[in-house]
J.: 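Sending over a structure as structure tokens; questions will come in a sec.
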Amino acid sequence: MQRIKSLSDYFKKYELSEKDPESFWSEIAESFTWKKKWDKVLDWDFEKVNINWFQNAKLNITENIFERNLKERGDKTAIIWEPNDPSESPIHITYKELYEETCRFSNALRAKGIKKGDRVIIYMPMVPEAAIAMLACARVGAVHSVVFAGFSSTSLADRINDCQAKMVLTSDGNFRGSKTIPVKPVVDEALEKCSTIESVIVLERTKQNVEMINGRDHWWHDCISEEPKVCESEVLDSEDMLFILYTSGSTGKPKGVVHSSAGYMIYSAYTFQNVFQYDENDIYWCTADVGWITGHSYIVYGPLLCGATTVMFEGVPTFPNVSRFWDIVDKFKINQFYTAPTAIRALQAHGLEPLKNNSLDSLKVIGSVGEPINEEAWHWYHDNIGKGNCPLVDTWWQTETGGIMISALAGITPNKPAHASLPLPGILPVIVDSEGNELLGNNVQGNLCIKFPWPSIVRTTYGDHQRCINTYFSNYKGMYFTGDGVKRDHDGYLRILGRVDDVINVSGHRMGTAEVENAINEHEEVIESAVVGYPHDIKGEGIYAYVIINSKSSDDTIKAEIVNVVRRVIGPIAKPDKIQIVSGLPKTRSGKIMRRILRKVASNDFGNLGDTSTLLNPDVVEEIINGASL
Ligand code: 7RM
């Protein structure tokens, strides 16, 4: 794998990637295993959104993880698994063992009729089998779609139906902190609304009682018990779908972001290697869940493609106490630690006491992802976890980008607090104003677009290509629009300012305001609702809901019911933090809700509400301010 060694090397590679992207990427691609090489490196069209990397090449990503690594690293630990309960023993799985387990499960998938192109839903806790499930799908050419196990049965059913999945891989239950959460019953409930699922494979984890439906449901251990430890991999085309991952946007329905095989493989591996500057014997830990893109690219694919040792943690940062993260760092002598600002802020709130028995001396690199990291959290993380001598990589990217786009390279790019800093080689960011004019030079602020394809760019939104075009490629002609605001400072370093659309980022989780509104509106006494984000000390953004109701129940009762509806429809992560019952919403004469005003009120920033003269109902603003739930 090509490795950037110094700042001047970075600038050199960046320049090459800009001048001659095809030779730049093909040189990187050469270090992978191909069944057949490409005819052409790149063909692209941002109008019809037709992007073709490594045209007509054939490969299987799992051969690049296993066959390519086994000779040198067969006995090296691939995954260290730390269970929820620290008194349960961790598990170390070597590359050879992971290969064999993946093969056995691949055979099991084939035995249940899974073929290339079939969609398989993975709804599992953070256990090694979740990674094995992903890899086995990839090995047989099935398209996995991991659904975060905290999502409700409704959300799960929506995703199954959208991609017409044939199979669900799940567990009996899930250990999370002091709780044991049922998982299989959620799947059962979802499947009442789905007709495409032929089988369900259930991993035994919590050993709680679950109902197994004859003919449909099978135990994981039974499925693999007779299967051999070898399994021929399916030959895939570069552009064959590797996975679908659902993500929220500004409309109500989550989109199935599609990633393809070759481009995603190359980009996740290249960025992992270079951003974290992984060395052969390092132990790397990313605290994300495999249900999100960060887990896909930087727990599973990127690290395993690079032959790294990657840690998977089943639990939560606060169980059995708030030292848990730091105990794990010391326990496995973690060298690279990658987490989200929300976790940092939550732990920061407990002060330095929880750190007093930890050395953290093994750390070489610390990373941040998922949301803007505020300067205070940046310094706390840098000074107390990195002890002032670890580079902090603030990595900006998205589900749709597949891998890290803008970030310092550990130990190479000078650190600048709260700045994602510089684009990776091959990434051409542009800042545009609302008319789409490119803002050149330094000290400019605007919307972040990317004007050239990179290997792991989103290929389509599953089942609705037009939606992909409309969402990402129509706002600014000839460019991919990220939905984020950005500032280029006087040094040319980039600082991400957060979403400029109706997406809010709650504890690093993307949430469409429309999605939350739709859930709230399911309550039969709700007439209308409007959801906005507001600054939240720990979560980054909190969810503030304005709700018009037609009810005789007390406000407190209805608020509690609304919270429950959202929990049931989406999942606990989307619960509103604040609910204000209102008699009306500020609307323009054309009937559009003026969210700008609602955002200001929710942020306790009434001073300058801006122009309210176009409002149909200016009186309601006063009422909203007076009743604001602050
Ligand atoms: C990886 C991930 C994407 C959105 C993105 C941003 C925000 C992510 C950073 C960040 C500032 C960062 N994928 N975001 N990383 N904002 N600095 N380092 O999170 O699809 O779930 O979310 O997250 O708004 O558009 S995601």
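Positions are given from 1 along the sequence. As the structure lists them, so they are numbered: ligands from 1, and atoms in each ligand from 1.
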J.: What are the atoms of ligand 1, with element, lying closer than 4.0 Å to any heavy atom of Ile293?
T.: 1 (C), 13 (N)
J.: Please tabulate, one pair per line, all N/O donor-acceptor pairs under 3.5 Å involving side-chain atoms of residues 305-312, not counting sequence neighbours.
T.:
unit_1 : atom_1 : unit_2 : atom_2 : d
Thr309 : OG1    : Thr77  : O      : 2.6
Thr310 : OG1    : Ile299 : O      : 3.0

J.: If the condition is ring pair (Phe, Tyr, Trp, His ring centres under 6.0 Å), which residues does Phe325 pass it with, not counting sequence neighbours?
T.: Trp285, Phe337
J.: Mark up the atoms of ligand 1 that fall under 4.0 Å of a heavy atom belonging to Asp394, in ascending order.
T.: 12 (C), 17 (N), 18 (N)
J.: Please report which non-hydrogen protein atom sits nearest to atom 20 (O) of ligand 1, along with the residue it belongs to and the distance in Å to one decimal place.
T.: Thr399 OG1, 2.6 Å
J.: Going by the order shown, which atoms of ligand 1 are within less than 4.0 Å of some heavy atom of Thr294?
T.: 1 (C)
J.: Between Tyr298 and Thr271, do the side chains contain an N or O donor and an N or O acceptor separated by less than 3.5 Å?
T.: yes
J.: Look at atom 1 (C) of ligand 1 and say which protein heavy atom is nearest, naming residue and atom and giving the distance to 0.1 Å.
T.: Trp397 CE2, 3.4 Å
J.: Any salt bridge between Arg495 and Glu375, counting N to O under 4.0 Å?
T.: yes
J.: Below 3.5 Å, N or O to N or O, backbone or side chain included: is there any such pair between Gln398 and ligand 1?
T.: yes
J.: Find the distance between CD1 (Ile366) and NZ (Lys387) and round it off to the nearest 0.5 Å.
T.: 11.0 Å
J.: Using heavy atoms and a threshold below 4.0 Å, how should the contact between Arg510 and ligand 1 be classified: side chain, backbone, both, or neither?
T.: side chain
J.: Does even one non-hydrogen atom of Trp292 get within less than 4.0 Å of ligand 1?
T.: no
J.: Would you mind checking which non-hydrogen protein atom is closest to atom 11 (C) of ligand 1, with the distance to 0.1 Å?
T.: Pro372 N, 3.2 Å
J.: Going by the atom numbers of ligand 1, which of them fall below 4.0 Å from some non-hydrogen atom of Thr395?
T.: 9 (C), 12 (C), 15 (N), 18 (N)
J.: For a ring pair (Phe, Tyr, Trp, His ring centres under 6.0 Å) check, start with the C-alpha distance between Phe481 and Tyr472, then their side-chain angles and the critical distance, and finish with the verdict.
T.: CA-CA 5 Å; Phe481 175 47; Tyr472 308 111; 9.0 Å; no
J.: I'd like to know whether Arg345 forms a salt bridge (charged side-chain N to carboxylate O under 4.0 Å, His left out) with Glu371, so could you lay out the CA-CA distance, the side-chain angles of the two residues, the decisive distance to 0.1 Å, and finally the verdict.
T.: CA-CA 12 Å; Arg345 289 188 299 260; Glu371 44 174 326; 2.8 Å; yes
J.: Check each atom of ligand 1 against the heavy atoms of Val369 and keep those under 4.0 Å away; list them by number with element.
T.: 1 (C)
J.: Mind running salt bridge (charged side-chain N to carboxylate O under 4.0 Å, His left out) on Asp577 and Lys539 for me, showing each step along the way?
T.: CA-CA 10 Å; Asp577 298 281; Lys539 299 179 176 189; 2.5 Å; yes
J.: Would you please say whether a donor-acceptor pair under 3.5 Å links the side chains of Asp162 and Tyr246?
T.: yes
J.: Specify side chain, backbone, both or neither for His509, according to which of its non-hydrogen atoms lie closer than 4.0 Å to ligand 1.
T.: neither
J.: Which residue and non-hydrogen atom of the protein lie closest to atom 17 (N) of ligand 1, and at what distance in Å?
T.: Glu371 O, 3.4 Å
J.: Could you see which bit of Ile373 sits under 4.0 Å from ligand 1, with heavy atoms only: side chain, backbone, both or neither?
T.: neither
J.: What atoms of ligand 1 come within less than 4.0 Å of a heavy atom belonging to Asn505?
T.: 7 (C), 23 (O)
J.: Looking only at side chains, do Arg119 and Tyr462 share a donor and an acceptor under 3.5 Å apart?
T.: yes
J.: Does a donor on one side chain and an acceptor on the other come within less than 3.5 Å for Gln277 and Arg3?
T.: yes
J.: With the threshold set at under 4.0 angstrom, would you say Gly370 reaches ligand 1 through any of its heavy atoms?
T.: yes
J.: Starting from atom 5 (C) of ligand 1, what is the nearest protein heavy atom, named by residue and atom, and what distance separates them?
T.: Asp484 OD2, 3.1 Å
J.: Any nitrogen or oxygen of Thr482 lying under 3.5 Å from a nitrogen or oxygen in ligand 1? Just yes or no.
T.: no
